[in-house]
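Just below is one structure, and these are the notes that go with it.
From a predicted model like this one, the values you see are computed outputs, not experimental measurements.
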Amino acid sequence: MKPVRTTCAYCGVGCGIVATQTGERTATIAGDTDHPANFGKLCSKGTHLGETIGLEGRLLHPMIGTKQVGWDEALDLVASRFAAAIAEHGPDSVAFYVSGQLLTEDYYVAN
């Protein structure tokens, strides 16, 4: 497979990486030596980025407890729990901690 130059998604620095697909859901990751943010160096998270590609151990559909549910049911539960917390403890009782790992669209939804 041809290597792909892209950006690490872990933090807000935007380090350049070179990803080379090695299987259906596997890849090797190397720092991009030409990228001005990191010049080929990667932190421990970026170095192990290739290990995060597989699906094993990942949540692949909405769950409530141990029961698989549809998106509408899951989102309704989350919304009702947020509303209950706000009603009981006020609007400052709910907050989000986000980092550079989210996409623009994800930040929009969180905000």
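Residues that satisfy the side-chain contact (heavy atoms from CB on, under 4.5 Å) test with Asn38, not counting sequence neighbours, are Cys15, His35, Leu42. Every residue meeting the ring pair (Phe, Tyr, Trp, His ring centres under 6.0 Å) condition with Phe96, not counting sequence neighbours, appears here in chain and number order: Phe82.
A distance of 8.5 Å separates CD1 of Ile53 from CD of Gln21, quoted to the nearest 0.5 Å. Here the straight-line distance linking atom SG of Cys43 with atom CG of Leu49 works out to 9.5 Å at 0.5 Å rounding.
Counting heavy atoms from C-beta on, the side chains of Arg5 and Asp34 come closer than 4.5 Å. In this structure, the side chains of Thr26 and Glu51 stay at 4.5 Å or more apart for every pair of heavy atoms. Side-chain contact between Thr47 and Ile29 is absent, with no heavy atoms from C-beta onward closer than 4.5 Å.
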Quick one: side chains of residues 62-76, donor-acceptor pairs under 3.5 Å with protein atoms, not counting sequence neighbours, listed by atom name and distance.
| from | atom 1 | to | atom 2 | distance (Å) |
| --- | --- | --- | --- | --- |
| Gln68 | OE1 | His61 | NE2 | 3.1 |

Query raised in the report: Does the side-chain contact (heavy atoms from CB on, under 4.5 Å) test come out yes or no for Tyr10 and Ile17, once each step is laid out?
Result: CA-CA 12 Å; Tyr10 269 114; Ile17 60 172; over 6 Å; no

Report task. Verify side-chain contact (heavy atoms from CB on, under 4.5 Å) between Arg58 and Thr52, making sure each step is shown before the conclusion. Result -> CA-CA 10 Å; Arg58 292 189 181 261; Thr52 68; 3.6 Å; yes

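Ala27 and Thr22 get closest at one heavy-atom pair: N-OG1, 3.4 Å. Heavy-atom minimum distance, Gly31 versus Val18: O-CG2, 4.4 Å. Here the shortest heavy-atom pairing between Leu55 and Arg25 reads CG-NE, 3.3 Å.
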